[in-house]
**Q** 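This is the structure I want to talk about, given as C-alpha cells.
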Amino acid sequence: LPDTVFPRPFHALGKESRRRILCDEDHFRIYHESLIQNEQHSRFYHFPNDAFIFVLEGQGYLSGSKTSLALNQYQGCWISPDQIHKLVLLSPHLELIVIAYQGNLAPCAAPYYDVNQANDSLKEKNTIIARQQISHRESLSIVLETYPAKQAEHLHYHRQSDQFIMALEGEFYLKRDNTHITIDTYDWALVTPKQRHRLKNESSKESLCLSIYSPPPTKDRVLVLTKK
C-alpha cells in the first residue's frame, strides 16, 4: 500500500481549500495544498528556514521584497526565511507542494530558483529514464523523473539518502524491500536509507514522478545484483 493510505489529516483553508503535511522528517517537511480561487485568492508564506514551492497543477504569482515571478505547472521557486511571500492564484484551482528545510541548514544561494533555469534533462547511464534536476543544494535535491511505458529502474538502495516519491502523471509500481505498492497520481511513498527498492512505470504511456532526496544521492546509490 502507498504511504498515502494512512494520510495525515487535512487542515481546512476554506470550504474546499485544504492543506496537509505529507512527510515530516528530521531534515525536511513536505506540505500539500489544494487551493480554490473563489475562496482562497491568495496565500502568505513565512518559514523559519528556506522552503521550495512547487506547482503541481494550475498557475500562481509569487511575490516578496526580493522575488516576483509567475509559476506554471511543474515550476518551483525557493523562498528565504527573512521575508514574507504572497502567492496569488491565477487559475481556478491550484495544487502545490511546499518542501521546507528542517533544522539549522544553510540558506539558499539565490533569492529564487525557477524551473526554467534547470539543467537540461540528464539521462542515467544504461537506462532510458530521464532525470531533470530542478534544484540541487548541499542537503537536498529535487528531481523530475520521466519513465517510458513499462520501464523500470535497477533494484538498488541508498546508503544515506531518504527519497520521497510522488507520482505526477501515470501510475507507478514500487518494490520496497519485501513490499510492493502502487502509486497513483498525487500518491506518494518514502524510501529510507538501506531499503532496497525499484520504481517501475506500470502505464502504457510515459509517466512522470517527482523525487526529493535528502541528502542528494551523489555516489550514494548501490545496485543490487539478483540471480536470473
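Only a predicted model underlies this, so the values are computations on that prediction, with no experimental measurement involved.
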**Q** Under the criterion side chain to side chain contact (heavy atoms under 4.5 Å, CB included), which of Thr182, Asn201, Ile181 is the partner of Tyr173?
**A** Thr182
**Q** Ser141 and His136: which non-hydrogen atoms are nearest, and at how many Å?
**A** OG-ND1, 3.8 Å
**Q** Any chance the side chains of Tyr157 and Gln195 put a donor and an acceptor closer than 3.5 Å?
**A** no
**Q** Could you tell me whether the side chain of Pro81 reaches within less than 4.5 Å of the side chain of Tyr101, counting heavy atoms only?
**A** no
**Q** Nearest 0.5 Å, please: how far is CD in Glu16 from CG in Leu35?
**A** 11.5 Å
**Q** Ser214 side chain to Ser139 main-chain N or O, any donor-acceptor pair under 3.5 Å?
**A** yes
**Q** Do Gln132 and Tyr74 meet the criterion of a side-chain donor-acceptor pair at a distance under 3.5 Å?
**A** no
**Q** Is there a side-chain contact between Val191 and Leu174, using heavy atoms and a 4.5 Å cut-off?
**A** yes
**Q** Taking all atoms of both residues into account, what is the closest heavy-atom pair of His93 and Ser34, and its distance?
**A** NE2-OG, 3.3 Å
**Q** For Lys219, is there any backbone N or O sitting under 3.5 Å from a side-chain donor or acceptor partner on Arg159?
**A** yes
**Q** Search all heavy atoms of Leu13 against all heavy atoms of Gln40 and return the closest pair with its distance.
**A** O-OE1, 2.7 Å
**Q** So if you build clusters from Ile, Leu, Val, Met, Phe, Trp, Tyr with side-chain heavy-atom gaps below 4.5 Å, do Trp188 and Leu168 land together?
**A** yes
**Q** Hey, does the side chain of Glu39 reach the backbone of Ser17 with a donor-acceptor pair shorter than 3.5 angstrom?
**A** yes
**Q** How many angstroms lie between atom CD of Gln37 and atom CG of Leu90, to the nearest 0.5 angstrom?
**A** 7.5 Å
**Q** Which of parallel (below 30°), tilted (30 to 60°) and perpendicular (above 60°) describes His156 and His158?
**A** perpendicular
**Q** Which heavy atom of Gln160 sits nearest to which heavy atom of Asp220, and what is that distance?
**A** N-OD1, 2.9 Å
**Q** Rounded at 0.5 Å granularity, tell me how far CZ in Phe28 sits from CD1 in Ile99.
**A** 8.5 Å
**Q** Given 3.5 Å as the limit, does a donor-acceptor pair link the side chain of Gln73 with the main chain of Leu56, or not?
**A** yes
**Q** Can you establish whether the number of heavy atoms outside Arg196 located under 6.0 Å from its atom CZ is more than 12?
**A** no
**Q** To the nearest 0.5 Å, what is the distance between CD1 (Ile183) and CD (Glu202)?
**A** 11.0 Å
**Q** For a quick check under 3.5 Å, do Asp24 and Gln102 share a side-chain donor-acceptor pair by atom type?
**A** yes
**Q** Hydrophobic clustering (ILVMFWY, side-chain heavy atoms < 4.5 Å, transitive) - are Val98 and Ile21 grouped together?
**A** yes
**Q** Would a hydrophobic clustering, with Ile, Leu, Val, Met, Phe, Trp and Tyr connected at side-chain separations under 4.5 Å, put Val224 with Val222?
**A** yes
**Q** Would you check if there is a donor-acceptor pair between the side chains of Ser207 and Glu171 at a distance under 3.5 Å?
**A** no
**Q** What's the shortest heavy-atom distance between Val55 and Asn72, and which atoms?
**A** CB-O, 3.4 Å
**Q** Going by side chain to side chain contact (heavy atoms under 4.5 Å, CB included), Glu25 matches just one of Ile212, Ile30, Asp162. Which one?
**A** Asp162
**Q** Hydrophobic clustering (ILVMFWY, side-chain heavy atoms < 4.5 Å, transitive) - are Val143 and Phe172 grouped together?
**A** no
**Q** In the structure I gave you, are the side-chain heavy atoms of Tyr186 and Leu22 within less than 4.5 Å of one another anywhere?
**A** no
**Q** Testing the basics here: between Gly170 and Ser203, what is the closest heavy-atom pair and its distance to 0.1 Å?
**A** CA-OG, 3.6 Å
**Q** Looking at CG of Leu87 and CD of Glu33, how far apart are the two atoms once the value is rounded to the nearest 0.5 Å?
**A** 8.5 Å
**Q** Check whether any side-chain heavy atom of His41 sits under 4.5 Å from a side-chain heavy atom of Leu89, and report yes or no.
**A** no
**Q** Heavy atoms, side chains only, cut-off 4.5 Å: are His32 and Arg18 in contact?
**A** no
**Q** Please confirm whether the backbone N or O of Leu190 pairs with a side-chain atom of Arg176, one donor and one acceptor, at under 3.5 Å?
**A** yes
**Q** Measure from the side-chain N and O atoms of Lys175 to the backbone N and O of Asp177, and report whether any donor-acceptor pair falls under 3.5 Å.
**A** yes
**Q** Starting at OH of Tyr45, measure out to OH of Tyr31 and round the result to the nearest 0.5 Å.
**A** 11.0 Å
**Q** For the residue pair Thr146 and Leu144, establish whether any side-chain heavy-atom pair is separated by less than 4.5 Å.
**A** no
**Q** Kindly work out whether a path of hydrophobic side-chain contacts (I/L/V/M/F/W/Y, heavy atoms less than 4.5 Å apart) joins Leu155 to Ile129.
**A** no
**Q** Charged N to carboxylate O under 4.0 angstrom, Arg198 versus Glu153?
**A** no
**Q** Side chain of Glu145, backbone of Ser211: donor and acceptor closer than 3.5 Å?
**A** no
**Q** Heavy-atom distance under 4.5 Å between the side chains of Ile134 and Phe52, does that happen here?
**A** yes
